[in-house]
Amino acid sequence: MTELLRPGRPRVLAAAGVVGLAAALSLGFVAPAALGPYFQIDATARLFLALIHMVFLGIAYNVWTRLPGSEVAVEDRSFTTAWQVGLCFAFLAAADLSILANHFVGGWVALEATSLAAAPLIVRPGAPSSTQASWRYFLFSSVSLSLVLLGFLCIARGMTGQGLGDLFIAPFSAEPLPREAPGSWATLGLGLIVLGYGAKLGLAPLYMWLPETYQEAPAAVTSMLAAIQFNCTLVGLIRVLQVYRVGHEAMLSGELVGLGLASLALATASIIATTNLRRLLAYASILHGGIIAIGLGIGAGAGFGVLLYAVSNAFIKAMLFLTAGKIEAQYGTQSTTAIRGVIKGLPYSGLFLMAGTFALLGFPPFGSFVGELLILSGLVRGGYLLTFASVGFLVTVSFVATGRTVFPMIWGEQDASHPGGAPPMPTLAPQTFVSFVPKLLFLVALVVLGLHLPDPVNALFRQVAVTLGDP
Amino acid sequence: MTSLLLAFLLVLLAPLFLANWRTSLAGLAGQGVLLAAMNYRLHGAELTAANLLSVVDLAVLRGLVAPVVLYRVLQDRNAPDRNDVLPPNMLAWAAAIGVVLLAFRVASDLVPLDSDARMLTAVCGSGVLLGFLVLATQVGVFSQIIGVLRLENAVALFELGLPERSGDAAGFLGLALGQALVYLATIALCRYYLHEAPVVAIADPAPEFDDD
């Protein structure tokens with residue numbers, strides 16, 4: 001109970017999280033509507049707004065219960081100053097606007113604002129390596145989003161050439177909808193947009209920023225990037241597909257499946273090679289991004305699976321990165337070969353690492369299992385048999401590699417022969433029940449997504465899936 | 001218009017062959033001024049909010065604020081004069097010329113009629129590809145900042161070439177304001193990273209941020 005009374009800035013974050021989630025959920029009772037000419041509430045906005053605010057509340061709550069306790073290690077120091085909290089609010093507001101945007105360039109501005117707000121949050125005082133990661137993140141964000149903007153401008157240029165006037169600046173839900181932007185300009189534009197959004201999602205070939213950023217940023221910030229910003233970018237890509245898939249099916253499908261397969265291959269090789277817990281989770285994020293890209297690429301029949309998979313992964317990544325931050329703070333290392341016996345030293349964190357890893361690997365009864373199954377069945381039904389075989393092989397290899405690395409961390413014995421000696425078992429203040437409630441709720445959400453979607457949630461998923469081509 | 005575009009191409013290319021950070025910043029300033037001049041040529045000098053915002057974005061932010069802010073950081077830190085935006089070898093220079101030729105070739109396919117539109121597409125394509133060339137060949141913080149800002153200026157040039165926007169003026173103004181603020185925040189972050197990087201990491205070739 002005393003934790004609930006802790007003063008300070010994190011309480012403001014948690015309060016904002018509660019208000020934000022209440023507002024996002026209340027949109028479920030509002031009919032689809034335009035909020036002025038540049039914003040709208042539709043099924044996609046409802047689903048992803050509710051998702052990012054659930055995750056944000058969990059992260060804010062986690063920060064709140066962590067501060068100002070003795071367990072705050074330098075590895076996980078975040079939101080300790082007023083400007084960091086201010087940037088966090090700016091990030092969240094921009095994330096909301098990017099999801100509500102009813103306009104491509106408007107959404108782009110908001111997404112760019114999330115990146116600009118997040119970049120300074122990656123920096124940990126006294127850790128130059130985090131400054132370098134922040135710089136890398138900023139650089140890749142700027143380049144990838146420049147590509148996206150250039151892509152939109154190419155589409156606009158193509159429309160001008162076809163006498164379509166300035167449809168480009170009209171909201172994309174306006175009627176009549178320019179669903180078929182013709183010509184080479186549109187092909188070039190869509191290619192750039194998918195490449196740019198793909199880079200922002202961490203897909204190959206422009207993925208290099210992601211492992212470094214996820215490793216170096218404070219755990220709470222990594223969770224925000226992996227679970228909130230990832231989904232804002234995904235919404236941007238989904239909006240493009242909702243409007244332009246018709247007329248450009250083959251090109252979009254080919255590029256998305258190609259990027260997805262390349263990301264899967266790269267992530268699998270990296271998961272085998274890495275000995276760093278956060279990097280392993282980062283590569284798993286790239287792998288998941290690849291599967292989502294493939295699901296979006298095949299379109300019809302996989303839309304529901306993609307959504308289920310994306311939503312599940314937001315909870316998985318938030319839970320695992322927060323847990324990894326806790327483990328790192330307690331053990332003082334991210335090395336997967338040095339950390340052993342987490343289930344004994346940190347029983348709650350050990351349990352979440354175990355459950356999160358099973359969800360990460362796509363085990364039942366989690367939502368990620370059902371989502372992955374639906375995407376794979378979509379591949380078979382769509383006749384993408386070679387892609388199916390490649391995905392199956394790569395996922396199986398990454399499955400074995402992840403288990404081989406993570407399970408000894410959970411159940412293994414301390415190894416005194418480890419270079420530099422065995423790291424000490426955790427000695428900091430133990431977690432209390434209150435502090436792990438957010439992760440528990442994430443876990444409950446994952447199980448609910450896997451076992452039984454409540455009817456209103458199911459209906460919402462279906463509405464969005466239809467816009468992705470599902471019957 | 002063609003002369004302005006040729007001048008823009010010149011300020012894109014010249015700093016690549018002159019290994020000095022002051023030249024790179026002068027190139028950025030020149031790009032901003034030329035963008036403003038092209039905006040004037042294309043959209044007139046009517047005193048509207050949209051035009052004023054364009055002047056602030058192109059001439060003030062891109063042509064003045066960005067180079068001056070970066071100049072002051074480098075001056076304060078006594079950065080060494082020499083800074084290669086491209087590796088000083090024939091291969092890199094040939095690649096720079098090659099991507100410009102490639103951009104002109106692609107532009108002639110995309111815009112069949114020989115016109116200002118084709119020239120604008122070619123120069124914009126050159127700016128994008130040269131920006132990527134700088135980003136791909138350099139690791140120093142300053143050079144990469146120059147690469148990013150060149151890329152953003154090329155995108156701004158392409159946007160200038162789109163026809164006059166009609167319709168919701170307030171909405172368009174809001175979007176333009178949003179884009180200008182994004183650029184301003186980008187400059188602020190560039191200043192921060194340039195300030196934080198060790199002096200040895202500013203120029204190429206060098207590591208970026210040192211753990212020492």
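All chains are named by letter (A, B, ...) in the order of the sequence lines, taking the proteins before the strands, and each is independently numbered beginning at 1.
Just one of B:Ile145, B:Val148, B:Val141 meets the side-chain contact (heavy atoms from CB on, under 4.5 Å) condition when paired with A:Leu139; it is B:Val148.
Remark: A:Glu212 engages A:Arg136 in a salt bridge (Lys or Arg N to Asp or Glu O under 4.0 Å) (not counting sequence neighbours).
Nearest heavy-atom pair, B:Val155 versus A:Ser146, reported as atom, atom and distance to 0.1 Å: CG2-O, 4.1 Å. Across B:Leu135 and A:Val143, no two heavy atoms sit closer than the pair CD1-CG2, 3.5 Å. What you find for B:Gln179 and A:Val109 is that their closest heavy atoms are CG-CG2, 3.9 Å. Taking all atoms of both residues into account, the shortest heavy-atom contact from A:Leu116 to B:Thr186 is CD2-OG1, 3.9 Å. Between A:Cys154 and B:Phe158, the closest heavy-atom pair is N-CE2, 3.8 Å.
If you measure heavy-atom distances from A:Ser115 to chain B, you find no contacts under 4.5 Å at all. For chain A, the nearby part of B:Leu151 is the side chain; its heavy atoms alone come within less than 4.5 Å.
The structure places CG of B:Leu181 at 12.0 Å from CD of A:Glu112, a figure rounded to the nearest 0.5 Å. Atom CZ in A:Phe152 sits 12.0 Å away from atom CD in B:Glu159 (nearest 0.5 Å).
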Just list the side-chain donor-acceptor pairs under 3.5 Å for residues 91-101 of chain A, sequence neighbours left out, or say none.
from    : atom 1 : to      : atom 2 : distance (Å)
A:Asp96 : OD1    : A:His53 : NE2    : 2.7
A:Asp96 : OD2    : A:His53 : NE2    : 3.1
A:Ser98 : OG     : A:Ala95 : O      : 2.8

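Residues A:Thr131 and B:Tyr193 have side chains that never bring a donor and an acceptor to within less than 3.5 angstrom of each other.
Side-chain contact between B:Glu152 and A:Leu145: absent, with no pair of heavy atoms (C-beta onward) separated by less than 4.5 Å. Contact of the B:Leu175 side chain with the A:His103 side chain is registered, since non-hydrogen atoms from C-beta on lie closer than 4.5 Å. In this structure the side chain of B:Phe132 reaches within 4.5 angstrom of the side chain of A:Leu147, judged on heavy atoms.
Taking the six-membered ring for Trp and the full ring otherwise, the centers of A:Trp135 and B:Phe142 sit at least 6.0 Å from each other.
Between chain B and the options A:Ser142, A:Gly106, A:Ser134, A:Pro120, the largest number of non-hydrogen pairs under 4.5 Å is found for A:Ser134.
Residue B:Arg191 qualifies as open at atom CZ: its count of foreign heavy atoms under 6.0 Å is 12 or below.
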